[in-house]
Amino acid sequence: MTTTDTVSHVPVQPRDKTMGMPRHHMLIFACLFVFMLVAPFLLYPIFLMKVMCFALFAAAFNLLLGFGGLLSFGHAAYFGSASYISAHAAKVWGLTPELAILCGTGTALVLGIVIGSLAIRRQGIYFAMVTLAFAQMVYFFSLQAEFTGGEDGIQAVPRGELFGLLNIQPDRVLYYFVLAITFGGVLAIYRIIHSPFGQVLKAIRENEPRSISLGYHVNRYKLAVFVISATFAGLAGATKALVFQLASLTDVYWTMSGEVVLMTLLGGMGTVFGPLLGAGIIVAMQNYFASFGAWVTVMQGVIFVLGVLLFREGIVGVIAQRIKKPL
Amino acid sequence: MTDAAILSASGLTKEFKGFVAVNKVDLAVERGTIHALIGPNGAGKTTCFNLLTKFLQPTAGKITYKGQDITGLTPADIARQGLVRSFQISAVFPNLTVLENVRIALQRRRGDSYDFWRSESVLHEYDDEARAHIQDVGLTEFSNERAAELSYGRKRALEIATTLALNPEMLLLDEPMAGMAQEDVERISALIKRISQNRTILMVEHNLSVVADLSDRITVLARGEVLAEGDYATVSKDPKVIEAYIGAGHA
């Protein structure tokens, strides 16, 4: 055996796990949950709910990019269309909020199947362009269709009563409903990443021809992860429509697709907590620097460039490297 | 073509826009042998490999594996039939650990792992077996190391361990010794010899001493066509082969 390599052979510490989760992940999730429980008493609830919706959106996107190795540039299509359908279902059909969200999410799922099955036939930049092209089609459909309200969007969406019982109109009540959805969504994505399916996904991301040569039908896995990612993006969008009581063209425009890429890369793609942090930072900037007007976009651009130059792995990615533990 | 052939190709042709990379190649690999595919650069060896495993679609020709026509199958399905290939560049999963690399192959036994709702801890049932394969190629101490951290020779060893975990009936090795240090060549050579017990191996290799040492039968390709076939003694005396290799400093 050669000894030409200079890598030090420190074996990875055996991972301590509780309920299939490394302890430090469990700890972070627990801290996060406790913080989010008390947060609405310290910070503006609408802002927090926006962060949570985008955190779920970014986590869904990261599942596709960071673990499936697929860069979609059209995730606004699922986020936005789910937002429209959920708003329409709540306002026009008069459905209860959980059913409205379900309708929106289901729409994103179906859209994911249609667009995904066509897009995964191409790779790399072509894949990204196909997803973008479809997303633009969804955008123009939203602009033209009657029910979306064109430039006005769907406004004054009623939050309604959860299961027809609990009035979630007050922000603080809605907050805990949104917390349950987004936290549950993020945990579900966590489980998907750490499932036998997730393990195959990582293999495909790492080396596609090799995965094929081991007998995996990689296109089926790609489609599956695409649809799952689109569905969770839809869940985020549908929830967001109830938070803001609004579904608009912004949700489905290509800049929304760009924003979720930005959040994911800034936080750290392929990490569990990166997209959540990235979403928090970007939403906080938009919120607290809103007085700078259009300059927020410039600042976002600068932060993104600095981020890519200084820590290509994203903030959480760099921390994970420092402490030598996956985050 | 003999009946003993496990894998055979007839009239295998691949054209790329006006250029014929592989031209009417007939090949028969006998069960239980080590068959080498050699030839100067650009002879079409790797293209041949890609055709046989369907990573490329042949323009014409027929491929038969264990008496069954596999010309129309997808590469993943061919792998599932027990015909597994390796790659010229080392094909590991760099950000997975050595153990996880081998486990990906063992995991295939569960069928398709689409169960995204289950914890990956169900995969621990394959750990012991994966460790046995890792020990086989001498990588035990690196089990929890990321594959990216391994030296080149060890990556190739890991690749072989992963391939063997599928327990394939036939292996297609694309330049298993490429870019390897001499000690590694000897080690991998011995390993290939060992795993060839009750398996069939077809390999592309440039290192002629390895070819001479390991292979039962050799097919020489040049400019996409079969130039000669036979055992090493026959092939190395063939004037056409000598001519094809002149300037390369071999034969």
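All values reported here derive from a predicted model rather than from experimental measurement.
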Exercise. Between Pro196(A), Ala188(A), Ser195(A), which residue shows the highest count of heavy-atom pairs closer than 4.5 Å to chain B?
Worked result: Pro196(A)
Seminar exercise, completed: Okay, Asn101(B) and chain A: the region with an atom under 4.5 Å from a heavy atom over there is neither
For this session: Check whether more than 12 heavy atoms from other residues, nucleotides or ligands sit under 6.0 Å from atom OH of Tyr126(A), and answer yes or no.
Result: no
Seminar exercise, completed: Applying a strict 4.5 Å limit to non-hydrogen atoms, the region of Thr74(B) in contact with chain A is side chain
Exercise. Can you pull the ring pair (Phe, Tyr, Trp, His ring centres under 6.0 Å) pairs that have at least one residue in residues 168-196 of chain B, sequence neighbours excluded?
Worked result: none
Problem set entry | Among Leu83(B), Leu96(B), Asn95(B), Leu123(B), residue most engaged with chain A (heavy-atom pairs, under 4.5 Å) | Asn95(B)
Exercise. What about Phe79(A) and Phe61(A), are their ring centers closer than 6.0 Å?
Worked result: no
Problem set entry | Residues of residues 159-173 of chain B near chain A, each having a heavy atom less than 4.5 Å away | Glu159(B), Thr162(B), Thr163(B), Leu166(B)
Exercise. With a 4.5 Å limit on heavy-atom distance, are the side chains of Phe142(B) and Arg154(B) in contact?
Worked result: yes
Seminar exercise, completed: Highest number of heavy-atom pairs under 4.5 Å with chain A among Gln81(B), Arg85(B), Arg108(B), Arg103(B) belongs to Arg108(B)
Problem set entry | Phe16(B) six-ring face occupied by Lys14(B) cation (under 6.0 Å, within 45°) | yes
For this session: Let me know if Leu201(A) has heavy atoms under 4.5 Å from chain B in its side chain, its backbone, both or neither.
Result: neither
Problem set entry | Proximal component of Phe87(B), with respect to chain A [non-hydrogen, under 4.5 Å] | side chain
Exercise. Would you find a donor on one side and an acceptor on the other, under 3.5 Å apart, between the side chain of Ser211(A) and the backbone of Ala203(A)?
Worked result: yes
Exercise. Does a donor on one side chain sit under 3.5 Å from an acceptor on the other, for Ser72(A) and His75(A)?
Worked result: yes
For this session: Please find out if less than 6.0 Å separates the ring center of Phe273(A) from that of Phe29(A).
Result: yes
